[in-house]
> 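I have a structure here, written as structure tokens, and I will follow up with some questions on it.
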Amino acid sequence: MIRGGVAPVSNEIEVEYAMPIHVPMVDVRTVGAGGGSIARVDAGGMLRVGPESAGSVPGPVCYGRGGTRVTISDANLILGRLPASRFGQAAEAAHLAMADQIGAPLGLSVEAAAEAVVRIANTHMAGAIRMVSISLGADPRDFALFAFGGAGPLHSVALARELNVPKVLIPARPGITNALGCVVADLRHDFVRTLNRPLDTVEMTEVHATLAGQEAIGRRLVSAERIALQGTKAIFSADMQFVGQTHLLRVPLATPSPSRADLQAGFEAAYHARFRVDLPMIRANLVNLNCSVIGVRPAFDLSRLIDPKDRQPKAEPAATRPVWFGQWVDTPVYWRDHLPLDLDLQGPAIIEQMDTTTVIDPGTTVSSDADGNLIVAVSP
Amino acid sequence: MIDPVTLAVIQAGLQQVCDEMDLTFSRAAFSPVIAEADDRSDGIYAADDGSLIAQGAKGLPVFVGVMQFSTRTILDRIAKGLTAAPEPGDIYIVNDPYLGGTHLMDVRFAMPVWREGRIFCWLSNTGHWPDTGGAVPGGFSASATSAEQEGLRLPPVKLFKKGVLDTEIYQIICSNIRVSEQRIGDVKAQASALLVGEKRLAALLDRYGDATVTEAIAAMRAFAAQQMRALIGLIPPGTWRSTAIVDSDGVVNQPLTIALAVTTTPEGLTFDFAGTSPPCMGPMNSVRATTLSSVYLAMRHIFPDVPISAGAFEPLTVTGIEGTFLDAHYPRPVSGCAAEVSQRIAEAVFAALVQAIPDRVTASPAGTSGNFGLGGHDPEKGRDYVMYQISGGGYGGFTGGDGIANGCSTIGISKAPPVEIMEQTYPVLYRHYALHEGSGGAGQQRGGLGLDYEIELLRGTARASFVMDHGRTGPQGALGGQDGAVNRVEVIRGGTTLIPEHLSKAQDITLTPGDRVRVRTPGGGGYGPPAARDPALVAEDVRLGRYTAKEAARLWPNG
């Protein structure tokens, strides 16, 4: 979850066995649902999707690599969201498997069964997004959904609807987002120093010296890198808790020389925002002092991720195919690289490109910004 | 008839409400038992009879069925005028074990959810408070002989009235428990979790409509019952018997026996406990709610697909507990029920059903929470403290492989509190924290290893109490596998080693700086005959130091 354009860093990421690793890391949470997640009807007659996955080998039935159990990708194919032409014979096998494994036990048509699989998968994904946002004290309705990965844009508009997220942003190259990050991201060094003492017993000169020291080392490390930088900045924070607690709350600091009152007030405000609780009778504990030094790279021209020469003056569908949105709808299919920057499209539509397929549900509109990001407006 | 998609979406939505309550509770809590060990649970209960609608996936399993009994008790008492009728904003508090509870330290909050002037359902949560008074810090008095010695007992009373904390009741509570100054933080965290749940539930009801959600809840219940019956159908018809042994009650040094006969019936399964020992003097009694919940949680271990809902329990009938230590009444002491006796009940279920469906059940797991309470005064910090350590043990071998090492208790999902947090918070040093080598029971698939730790008291004097189990007999092996190693407690004072008379239970052992406590938790039971084990696996265990060559030669003679 990104607020104010800043990717959050957490030192409570749980890597395995629910054990947190107290080292600052970009706070990425992953959901166990993907194209390979297997759909089944359980012994009680309930439809389930995942967490079992067919992976990429044997993969979904439609891959034709020996997979026999229907998956989310098979459902997307059956619903016309993925182009059947690319899957050949295996597309037919996916239809048969869906009818047999999901449709028959539930008394649903193949399309309704596939739709149900996608809806359940979306519910799981939406639930996970909700947990992540609420665990950080935020309401998903105040955000835009950023869709990336090969499969993200297939589900993102439906997910936004489910979550009441009003806007979906689809970058120019969703399928290579991570690789792109490696190439253009800023340099960053994080420092953590543990004090773990009640705030009223901490020497403020020690606090100021610690933060200043962290900044100095960080600036030295960043300047030693042989990479062109536009500038360097430092961000400060404190991890605090009430005396007796074990979980921490991060309190942003405007300067490396906060007063004791600044720390107390910042903590109380952060705590109330998260838990809606005030505890004036309990002392605050200053656990960690943190500093992040960031070497800012020159801006990267995102609009060049799609070759401007390929853009056409007007959006023209390359083809039309039936796509299931509660019923079969003849849906225009666009090639992403040909879309103009002053785009204004109404759903339903399918937008294909080398690295992903985007589903634009009926009742939504798509525009583009100057960087070539697609922006889908989802009416509530 | 509700369509299957809406049903699944609402089911996931109700689950989400519970999960969000769990998360809020842990994050805001002060008690490390709640914040770190997740010894808490949150759920949604029916307005008419308190039956379980949904429960958080990250709640402590032993609470799986308990809160439906306590919610039902509150409803009964309101109907009889024993407890004041609810108004919007009211939150009840209760910890009485005999009114659908566990032990006194598990404090429940319950709050009705109002829709258009009527109660739609109840939200309830349980959190393990670090202390609720009584003879010893932490509440695990191993030698208590009545409920009063175990702590403050609260019938259902309104702690919050129309949204406001009743400071008079709160002060009565605080005057009767240790380290009370931090409890306000836990009380607010526990209430805050319910309020978060109420808000999320209201959003779900607004979206799908009260009538649709009500219909979905009924359908979920029917589906869960249907699913449980379908799975029970995998069990070959017949009666499957087992016994499980509790070391002693902590007062009289005699073993207690749980006798179980599981019989398949056209309606489901009957669990008959006839022949089980009568109520005991010491705190190893169980109460009805905890006993039923223990059977439910054992079945959920065996069939983890079944959602936690009252419907899943419908096909399960429990008989024969009247007059036994599994259905104790006031004033029998019960501090061991939630953490220990519950696990022996589950062990009896596993030991019976592993014979019937060996592919789905493991040999017995360590099955003790390893409760170790240490209370004293820290002169450096100038304050009193109550430290509460729980620990894992080995799991049983199973058809697919060896048991897990140092897994959490059968009734828990708790992480052991991190050593770093314990050493920061309390005046103790962990001298070692390691696997209990050689402890897994021999078998074709061996049991997992238990835990071996030793702590040293650094400052001040302290009193140590233990409520553990499996000190007399190890976790049972299955299908020819051997039992896992027993639990061992040693107190090392001034160079002398003391082994508690009751092996796994002791109370008020005084410690001074430099004294040490070493605990070795049980290994899991072995599965299948040891002779069938692949010799290469035996050699690998020796190479990794899990067993000495001598031990391995004795346990696996042909290895």
Side-chain angles (χ1 to χ4, degrees), chain A residues 12 14 17-20 22 40-49 102 105-108 112-113 115-120 122-124 126-128 130-132 134-137 139 162 164 194 196 198 241-249 271 274-283 287, chain B residues 3-13 15-16 19-20 23-24 26-32 35-36 38 58 179 181-182 184-186 188-189 191-192 195-196 200 203 207 220 222-231 233-234 303 305-307 311-312 413 415 417-418 420-421 424-425:
Chain A
E12 294 206 359
E14 293 174 352
Y17 302 112
M19 292 314 255
H22 293 296
R40 65 198 164 92
V41 176
D42 71 19
M46 286 277 278
L47 175 58
R48 308 261 176 201
V49 179
I102 310 292
L106 294 181
L108 296 175
E115 185 185 24
V117 169
V118 170
R119 275 189 66 185
I120 304 247
N122 285 345
T123 301
H124 286 311
R130 215 176 269 131
M131 280 304 277
V132 169
I134 284 164
S135 86
L136 301 171
D139 188 325
E162 177 71 29
N164 292 317
T194 302
N196 198 18
Q241 62 186 185
F242 284 111
V243 170
Q245 283 184 316
T246 57
H247 288 288
L248 303 176
L249 206 58
Y271 201 87
R274 172 68 182 86
F275 297 112
R276 309 270 158 215
V277 163
D278 297 309
L279 290 164
M281 62 297 271
I282 302 182
R283 293 155 87 197
V287 181
Chain B
D3 74 272
V5 181
T6 307
L7 176 60
V9 172
I10 291 176
Q11 185 185 30
Q15 188 63 46
Q16 207 77 45
D19 291 345
E20 283 166 23
L23 187 73
T24 304
S26 282
R27 286 274 152 167
F30 278 65
S31 161
E36 291 295 323
D38 289 336
K58 298 221 169 141
V179 202
E181 64 277 6
Q182 285 179 0
I184 189 65
D186 286 331
K188 289 202 173 179
S192 154
L195 297 173
V196 165
R200 285 286 309 138
R207 170 144 186 208
M220 278 162 54
F223 271 114
Q226 196 177 323
Q227 188 177 7
M228 183 57 101
R229 287 202 174 92
L231 289 166
L234 301 171
F303 300 128
D305 270 359
V306 185
I413 51 156
K415 293 173 271 188
E420 292 80 2
I421 285 184
Q424 285 283 334
T425 315

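Residue numbers start from 1 in every chain, and the chains themselves are labelled A, B, ... in the order their sequence lines are given, proteins ahead of strands.
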> Search all heavy atoms of B:Asp305 against all heavy atoms of A:Arg48 and return the closest pair with its distance.
O-NH2, 4.0 Å

> Only pairs of heavy atoms separated by less than 4.5 Å count here; which of A:Gly244, A:Ala116, A:Ala43 has the most with chain B?
A:Gly244

> Based on non-hydrogen pairs under 4.5 Å, which of B:Gln16, B:Met228, B:Gln226 is most in contact with chain A?
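Looking at each of B:Gln16, B:Met228, B:Gln226 in turn, B:Gln16 comes out on top.
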
> Using heavy-atom distances under 4.5 Å, tell me whether A:Asn122 contacts chain B through its side chain, its backbone, both, or neither.
neither

> To the closest 0.5 Å, what do you measure between OG1 (A:Thr246) and CD (B:Glu420)?
13.0 Å

> To the nearest 0.5 Å, how far apart are CD in A:Gln245 and OG1 in B:Thr425?
12.0 Å

> Under 4.5 Å heavy-atom distance to chain A, tell me which part of B:Ile184 shows up: side chain, backbone, both or neither.
both

> Between A:Glu162 and chain B, with a heavy-atom cut-off of 4.5 Å, which part of the residue counts as in contact: side chain, backbone, both or neither?
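Both backbone and side chain.
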
> For the interface with chain A, which of B:Arg207, B:Glu181, B:Arg229 has the highest count of heavy-atom pairs at distances below 4.5 Å?
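It is B:Arg207.
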
> Quick one: do B:Asp3 and A:Arg119 make a salt bridge, cutoff under 4.0 Å?
no

> Test your reading of the model: is there a side-chain donor-acceptor pair from B:Gln227 to the backbone of A:Gly45, 3.5 Å cut-off?
no

> Considering only heavy atoms, which portion of B:Ala29 lies under 4.5 Å from any heavy atom of chain A: side chain, backbone, both, or neither?
backbone

> Quick check: closest heavy atoms across A:Val243 and B:Phe30, and the distance to 0.1 Å?
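Where A:Val243 meets B:Phe30 most closely, the heavy atoms are O-CE2, 3.5 Å.
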
> Quick one: closest heavy-atom pair of A:Asp278 and B:Lys188, and the distance?
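In terms of heavy atoms, the two residues are closest at O-NZ, 3.2 Å.
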
> At a 4.5 Å cut-off on heavy atoms, which part of B:Leu7 comes close to chain A: side chain, backbone, both, or neither?
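For B:Leu7, the side chain is the part near chain A, not the backbone.
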
> Quick check for you: to the nearest 0.5 Å, what is the distance between A:Thr123 atom OG1 and B:Gln15 atom CD?
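Taking OG1 in A:Thr123 and CD in B:Gln15, the distance rounds to 13.5 Å.
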
